[in-house]
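Dropping the structure in here first, questions after.
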Amino acid sequence: MNEIVPVVDMSGISIEFPGVKALDAVDLRLFQGEVHALMGENGAGKSTLIKALTGVYPIDSGTITVLGATHRFSSPAEAQAARISTVYQEVNLCPNLSVEENILLGREPRRRGGIHWKEVRRKAREVLDQLQLGHIDPGSVLSTHSIAIQQLIAIARSVQVDAKVLILDEPTSSLDADEVQQLFTVIRTLRDRGVAILFVSHFLEQVYEISDRMTVLRNGRLVGEYRTRELPRMGLISKMIGKEMDALAELERAESRRQPGRQDEAPVLQAQDLGRKGSVRDVTIALHAGEILGLAGLLGSGRTETARLLFGADRADQGHLSIDGTAQTFRSPRTAINRGIAFSSENRKEEGLIGDLSVRDNLVLAMQASKGWLRRVPRSTQDQLAEKFIRTLDIRPANKDALIRNLSGGNQQKVLLARWLITNPRLLILDEPTRGIDIGAKTQIQKLISSLAADGMSIIFISAELEEVLRLSDHIAILKDRQMVGHIPNDGVTMEDVMTIIAGTPA
Amino acid sequence: MSVLTRTPTPLGRTRISRLQGKARYAPTLATVGLFLAMFAIGAGMYPGFLSGQVFLNLLIDNTFLIVLAVGMTFVILTGGIDLSVGSVVALSMMIAAALLQAGWNPFVVIALVLLTGATFGLLMGLVIQVFEIQPFIVTLAGLFLARGLCYVISVDSITVTDPFFTAMAQARIPLAEKLFVSPGVVIALVVVAVAFYVLHQTRFGRTVYAIGGGESSALLMGLAVPRTKVLVYGISGLCSAIGGILFSFYSLSGYSLAATGMELDAIAAVVVGGTLLTGGYGYVLGSLAGVLILGIVQTFISYEGTLSSWWTRIVIGALLLAFILLQKLFSRKVKLA
Amino acid sequence: MNALLKHRLTWPVLALVLLLLLNQLFRSDFLSVRVQDGHLYGSLIDILRNGAPTILIALGMTLVIASRGIDLSVGAVAAIAGAVSCTYIYNSPDPSSLRTAAGGVAIAVVAGLVLGLWNGFLVSVIGIQPIIATLVLMTAGRGLAQLVTDGQIISVSNDSYQAIGAGFFLGLPISILIAAAAFGVAGLLTRRTALGTLIEAVGINPVASRLAGLSARSIIWTVYVFSGLCAAIAGLMISSNVTAADANNAGLYIEMDAILAVVIGGTSLAGGRYSLVGTLVGALIIQTLTTTVYTLGIPPEVTLVFKALVVIIVCLLQSSKARDLLRQRRRPVAKQSDVKVAV
């Protein structure tokens, strides 16, 4: 009977944010004892759908049925009462409390005179044993454990509530291969006990390894529901990317532009075994003027970490770095900027925008910062620069006094690019410059990158979209598990080639 | 990173995590150690310092501060702060003194004062929670309001002549030969015991810690975060009112300028007692030790005839700084672990 | 008209005007300013003069708050400044000369700068939260001031020194001129250089500012030093006004008034965009409120109650949550800000 009636049946779910339709009539069904993968690119609506199911966001229309009862969740507590548990990528437990407390917090067994701590210990141990995690001391403080263990403890917590539905939101992004296997063992144990598991991950191989069925979303809409073994990898990728592929294809590979980089001169940037404990290691790069280096690798492979090391946002503690043949140690972004390096972060909102300042103030910020506060960039220069870049980058609205937080993502990204272009850098590091912005802006930014390189600027380009990396780069550096594992010239390299390198190198 | 190997070594792992787990007691242990060291130094330097009564006097002279520190511990554990406590003490004293002067029954007065304090705190908590305004500014407004209300009651000092209050002020409870405490000490210690119980044996208490460890996590775990956050300010208000009553027992008067700056002493006691200002770590017994340290500083200065009273403030400031730096080190360690 | 209603200075200015009119209702000569012995006198002048220390401290506080900080130690710094200058003057061989007064002022200013450096050090180098870092000096500061004065109230009689708080120049009280000068300097310093924008940038988004190459450390340090300087000058005014240094009561609660002035002036406690003019209006509102209470015949101490009510009202007006509740919005606030993460 359970084969037919789903544990969770979400149908026609729509959620609208001001100006954005995040979800448009999406369906999702979860059955007892299955691992169901929720797939989609950034911006497909995966997180929104999960948040609707866990009561974080109220839905605008549609129905959510759990175990036969229709719900309208308005808080996480209500979803939990309906036996839905969630384990997030950033572990949502209390690091200051013990493992056993984290497992039982809010449901501690009580007796006359308060919490029955012995019983707490017993129950925690029982759950940990069930998940073959008996080696974890229930009395130890959570923060003394690795993220992987913390995640397993979060799962233990949901097992303890006897959850019928377990949502795992990017649980593997910071785990190494052994840890992933341990997690999968736990997931299989739970699946065999009849729990319906919703698994979200960027790692295709993991999805194929663990999931039974999958639901694919794109741009807030449902693409379809498939059996994992019936949908080959390429089929899945094309369903996830969909029409975007055609749109991107318009930007044909500009072979004509590609004069080989000026190999005869000393490289602008040279890194030898650069690394930082706990961040990334073995970064070896040689980048000449006018070259584009693409950083490829899966989410969490160390792409952003590499960029931060090269920019001095994090201090390297291994290896060497030289600019124009002179050895450098970057202690802060300031020193890197003074050497002509610029870095546009993947995290626009947290690490890029000064939301409450105007477009103009944001544009001249880096230039002003390098001059120091005493020497203000004259207002007329500010206006000129702002007008120039608003025009050349087609920033809309074309109003230099608009607050940047009121611009769309694509236009914000252009302002941030312009912030660095104003400083006229020799090396521009772009981390996910095209993420979460519309196709039009995306194409514009890609064209801009090509023309900047043609003008002699060196560029390091990071993107989760491998095709984009392949299309733009002269060289490709490949990262895996926070280590640089390959560095190849891009002469007809295909996605498969890169994937092979990633798959073929042991961690 | 590869903690999860295929062949886990249960024994070794457990021992390491136990050891690391001990780190959370470090600031509190430092406090107790500091107290013992100071007491030992005092005993070495001054004849008569090493007596039970000197220790008991630390309690007798600081009953109100102990109770305030208890309330403050709840608030700081959630990551908040309550700047209004000193003013609420003064307000409680004024209400008590004024009503007693008007001939009210002392027990009714006490009940009313406690109710007022708790309500005052709850209202601040509600504003903080419902409107998402920083605790610091809301309780600052509370500080103004309570202090201003004192003046509304009376600008002058009011003497308390009520027989029950005077009896409480003069009563001494003998413990052993030549050792005694005041009734206030008993009350203060009962408050500490109740707080300890609530923090460690009730779900409410564990939620207080959970909020300090991560408010959004606590919320996602389905804990009663909003209710708990409002209640801690209610508890702090109630403690301030109890502190006010104890201070009335101690001083037998109500005065609008009383307990000025006592919020700083309470915060200092809590911090010196090992509670992290960012919340989540700390013990109410540590706060008690913190108050005793502030008390012993004062005792030192009174024993050392040449030092003037203002050294108390300077030393408290220095201690506060030292413990904040210690916390800074500690939290860095926690992050690394 | 709509733009005028939305301007963030509209409401504070309106409140100030209403308060002044209220006073005029009760005392018909309230708004009149008369000339006596070539000096200006009147309630308005009194408000400006008595409000000068608060204005000064609030100026420093505005920049500190804009940088996402807070300076709780300003009252203690003011007390220390008064204490060192009065003690210096009192102990000097020639306690009534201009030179001595200048020496006292110089020592106080240096003290303010040093204490500001200390606060800035704790916040920007050690990385302690501002409220806690400055709490240290708030706690210890009055003890230090008493240490300087040896617990006494130090009275000085030095005409030049007295002029700072009570003197006149060109018909105007010197304290007003000093406050006006400080306001001008702060305005020029922040808007003629890039300091203002960079303070705002650090206050709005410290992480992004660092990645844009901004040296937040030096900027944060600068604002605390400026705040210390303002507090020291205010302390000089206060002690000069009563020709004595009172380590216990000089500048008591002035940090609260200053924070209040900043908040009323429309600068958010969360940091970022600030308005010096707003702060000026805020400080004047507070001073006028005090005067109003006095005019209405209420015991002056009760002013605290009114200040508390003003704080609460202003904070509620600024709270986006409160506004949302008023608009009866169904969706949680978190949703809008999370949009970029969510979709």
Side-chain angles (χ1 to χ4, degrees), chain A residues 15 17-23 42-45 47-48 51 56-58 74 219-220 308 311 313 332-338 342-345 347-357 361-362 364-377 405 409 412 416 419-420 423 436, chain C residues 3 8 63 66-68 188-223 226 266-268 270-275 320 324 327 329-343:
Chain A
I15 291 186
F17 297 123
V20 196
K21 193 136 197 179
L23 284 181
N42 280 314
S47 334
T48 314
K51 286 187 168 139
V56 178
Y57 293 162
S74 59
N219 292 335
R308 289 180 64 92
F311 185 61
S332 72
R334 260 178 99 73
T335 31
I337 291 166
N338 289 338
F343 167 60
S344 163
S345 164
N347 192 342
R348 270 201 302 275
K349 199 172 140 202
E350 310 286 333
E351 300 184 348
L353 305 174
I354 312 288
D356 274 340
L357 290 187
D361 287 337
N362 270 283
V364 296
L365 188 65
M367 180 190 228
Q368 184 65 65
S370 69
K371 283 175 116 88
W373 62 264
L374 272 175
R375 289 186 299 149
R376 176 166 169 266
V377 178
R405 67 177 150 88
Q412 289 177 343
L416 294 181
R419 175 191 288 173
W420 292 113
T423 65
Chain C
R8 59 174 161 180
L63 298 188
S67 77
R68 260 198 195 186
L188 285 178
L189 189 70
T190 52
R191 292 304 176 201
R192 278 284 137 193
T193 71
L195 188 62
T197 315
L198 297 191
I199 290 173
E200 288 180 335
V202 169
I204 295 166
N205 192 338
V207 180
S209 303
R210 174 172 180 264
L211 288 178
L214 245 150
S215 161
R217 185 175 286 182
S218 71
I219 287 165
I220 288 175
W221 218 330
T222 309
V223 296
F226 183 68
T267 301
S268 159
R273 299 301 285 264
Y274 67 88
S275 161
S320 53
D324 284 355
R327 283 188 214 138
R329 299 188 71 140
R330 188 175 61 90
R331 289 183 183 286
V333 186
K335 197 162 164 178
Q336 293 172 19
S337 50
D338 284 351
V339 165
K340 298 222 172 55
V341 188
V343 286

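Naming: A, B, ... by sequence-line order, numbering from 1 per chain.
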Check: How close do C:Ala212 and A:Ala369 get, heavy atom to heavy atom, and via which atoms?
Finding: O-CB, 3.6 Å
Next item on the list: Among residues two or more places apart or on two chains, list those pairs meeting salt bridge (Lys or Arg N to Asp or Glu O under 4.0 Å) that have a residue in residues 193-202 of chain C.
Entry: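 Applying salt bridge (Lys or Arg N to Asp or Glu O under 4.0 Å) to every pair that reaches into residues 193-202 of chain C, excluding sequence neighbours, yields C:Arg191-C:Glu200, C:Glu200-C:Arg273.
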Item checked: Proximal component of C:Leu198, with respect to chain A [non-hydrogen, under 4.5 Å] ->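 The side chain, not the backbone.
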Check: Who wins among A:Ile354, A:Leu365, A:Leu416, A:Thr423 for the most heavy-atom pairs under 4.5 Å with chain C?
Finding: A:Ile354
Note to self: Donor-acceptor check, side chain of C:Asn205 to backbone of A:Gly355, threshold 3.5 angstrom: yes or no?
What the structure shows: no
Notebook entry, point to check: Checking heavy atoms, do the side chain of C:Thr222, its backbone, both or neither come under 4.5 Å from chain A?
Noted result: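 For C:Thr222, the side chain is the part near chain A, not the backbone.
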Note to self: For the interface with chain C, which of A:Lys371, A:Arg375, A:Gln368 has the highest count of heavy-atom pairs at distances below 4.5 Å?
What the structure shows: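 Answer, by heavy-atom pair count under 4.5 Å with chain C: A:Gln368.
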Checklist line | Reported CH2-to-OG1 distance for the pair A:Trp373 and C:Thr193, which is rounded to 0.5 angstrom | finding: 5.5 Å
Notebook entry, point to check: In terms of heavy-atom pairs under 4.5 Å with chain C, which of A:Gly352, A:Ala366, A:Ser74, A:Ala313 leads?
Noted result: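 It is A:Ala313.
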Next item on the list: Quick one: which of C:Ile219, C:Thr197, C:Ile204, C:Leu211 has the most heavy-atom pairs under 4.5 Å with chain A, could you say?
Entry: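 Top option by heavy-atom pairs under 4.5 Å: C:Leu211.
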Next item on the list: Enumerate the residue pairs fulfilling salt bridge (Lys or Arg N to Asp or Glu O under 4.0 Å) with a member in residues 204-214 of chain C, sequence neighbours excluded, ordered by first and then second residue.
Entry: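 Of all non-adjacent pairs touching residues 204-214 of chain C, none passes salt bridge (Lys or Arg N to Asp or Glu O under 4.0 Å).
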Note to self: So for A:Leu357, is it side chain, backbone, both, or neither that comes closer than 4.5 Å to the heavy atoms of chain C?
What the structure shows: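 Interface part for A:Leu357: both.
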